[in-house]
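Since the structure comes first, as structure tokens, the remarks are kept for the end.
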2 protein chains.
Amino acid sequence: MSTNSHDTTAGSGGAPGPAGAGAPRKRGRARQASALASERRGNLVRLAAELFAQKGFQATTVREIADEAGILSGSLYHHFDSKESIVDEVLSSFLDELLRDYQAAVAEGGSPDDVLARLIRAAYRSLKPHRAAITVVQNDWNYLRQFPRFDYLGTVEEQIQGIWIDVITRGQAAGAFRTDLDAKLTYRMIRDTIWVTVRWYRPEGALTTDDLAGHFMRVLFDGISLGERTTSPAGR
Amino acid sequence: MSTNSHDTTAGSGGAPGPAGAGAPRKRGRARQASALASERRGNLVRLAAELFAQKGFQATTVREIADEAGILSGSLYHHFDSKESIVDEVLSSFLDELLRDYQAAVAEGGSPDDVLARLIRAAYRSLKPHRAAITVVQNDWNYLRQFPRFDYLGTVEEQIQGIWIDVITRGQAAGAFRTDLDAKLTYRMIRDTIWVTVRWYRPEGALTTDDLAGHFMRVLFDGISLGERTTSPAGR
DNA sequence: GTCTATAGGAAGATAGAC
DNA sequence: GTCTATCTTCCTATAGAC
């Protein structure tokens, strides 16, 4: 949740940094102080993520982030070397955790529809802790990908896509899922439907993320129709 | 496609406008010149919409829009009184047309699942002509709604929602759709799944919008599973 | 209808005192 | 670690010539 494995030294010119620019190695008595520092940093990141999610990355100014934290904008640059570094930390920590969750869901094993159900629940469950990051991914992904710094977004996306498509394809081969559906298209549909929920989902409301997952899976696995399944009803 | 019925006089302060600020009534020999003017204007709007879609509303500068049109940024203000006016025209013309399409789909009549299928196809078909506008709606909706000028976005959304929920509810009452699904939740799922497609759909690719609609409807109506429908398979 | 020129403000980022 | 102060750049929008 803390290390940003995707950090690059790319910047707009400014200070090249006197020491190694990565996360400092913690050891000895420095560890405690460092832990406090990262907690502070983590707070700033969470707070910025919330603003990015509400107003968009571009529309959020460093002054607003600093205001929210009760400090002045200049002071932010003691913690981060640019506004992009902040959003980078928001995204990379979320994506790293998500990838691990998915890998764990697959590692548990079971039939393809068990695994698919587990993936779907894992995705919905991430809505609550990562609502802000997911919103940023959705709204600012296209913009951020313009910068080489964020190339890793595409890499992680491909790894994640591979996990889902693999499960769907295995399900088709095993006779659990229809073979007249394109696996990639189906994956995208599932992914989009789940993520886009952050636009209106409010964790403090009546619906839990497992409610959402349940509703979605009823539709996904069995459809909204009643009676026999049909190949092409109503001219579809 | 031309008149902006949602225009308001709201602005950030500047010139209050010497004459009536609405679209001038065309009559007599002025009509031809005016038609050319609106074509020019329409071109600028389309071009701006494309940029807004690619980079986001905030990140797109009036200079970029002007560059793309081959004029200087100051000259844009001969056609529009602000950057917001441009995006307003992008959104309102799209939403007006969409609402009319949906109303027409319902007016054709038929069983709930016929109507629902028609609505879904209409939505997918709008992806091609309105890709840019749909992208802007999705990415910049939250930001734009901060300004009273864009209050009408919420109004149109409610009208549209009413149309879909009505069809779903009637289908449930008629025994065509499952009653264990929440109509509003189902509407949102459908809407989101369709709109979010603009993130990756490329009209010039192999898939037509009717392909997408077909794939989606197979899943929506009948699910991805094979064999008998089941109420709670795999612990779902 | 487009240009030149510029007002006026806000943005991201930096330097050095405390 | 935060503040004060400020640099530089870029933005939207305007005024008036052509």
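Predicted model, so just to flag it, every value in this text is computed and none were measured. Protein chains get the first letters and strands the later ones, always in sequence-line order, with residue 1 at the start of each.
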For a quick test of your reading: what N or O donor-acceptor pairs under 3.5 Å do the side chains of residues 62-74 of chain B make, sequence neighbours left out?
unit_1   : atom_1 : unit_2   : atom_2 : d
Glu64(B) : OE1    : Thr61(B) : N      : 2.9
Glu64(B) : OE2    : Lys55(B) : NZ     : 2.8

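- As rounded to whole Å, 16 Å separates atom C1' of dC11(D) from atom CG of Leu51(B).
- Here the P atom of nucleotide dG1(D) and the CG atom of Asp81(A) are 16 Å apart, to the nearest Å.
- As a whole-Å value, the separation of Glu39(A) CD from dG1(D) P is 13 Å.
- Contacts with DNA chain C (heavy atom under 4.0 Å) in residues 55-74 of chain B: Ile71(B), Leu72(B), listed by number.
- With hydrogens and angles ignored, the 3.5 Å screen pairs a side-chain donor or acceptor of Asp182(B) with a backbone N or O of Leu185(B).
- To the nearest angstrom, P of dG12(C) lies 15 Å from CZ of Phe80(A).
- Using a distance-only test at 3.5 Å, with no hydrogens or angles considered, a donor-acceptor pair links the side chain of Asp211(A) to the main chain of Thr208(A).
- Using a 4.0 Å cut-off, no side-chain N or O of Tyr77(B) falls inside it from OP1 or OP2 of dT14(D).
- Taking only side-chain nitrogens and oxygens, Ser75(A) never comes nearer than 4.0 Å to OP1 or OP2 of dG1(D).
- When rounded to the nearest whole Å, the span between NE2 of His78(B) and P of dA15(D) equals 16 Å.
- Arg121(B) has no carboxylate O lying under 4.0 Å from a charged side-chain N of Asp210(B), or vice versa, which leaves the two without a salt bridge.
- Taking atom NE2 on His79(A) and atom P on dA13(C), their separation rounds to 15 Å, with Å as the unit.
- A salt bridge links Asp88(A) with Arg149(A): the closest approach of a Lys/Arg side-chain nitrogen to an acidic carboxylate oxygen falls below 4.0 angstrom.
- Atom CZ in Arg41(A) sits roughly 13 Å away from atom P in dT2(D) (whole-Å rounding).
- Taking atom CG on Leu76(A) and atom P on dA15(C), their separation rounds to 17 Å, with Å as the unit.
- Between Arg118(A) and Glu108(A) a salt bridge is recorded (basic side-chain N to carboxylate O distance below 4.0 Å).
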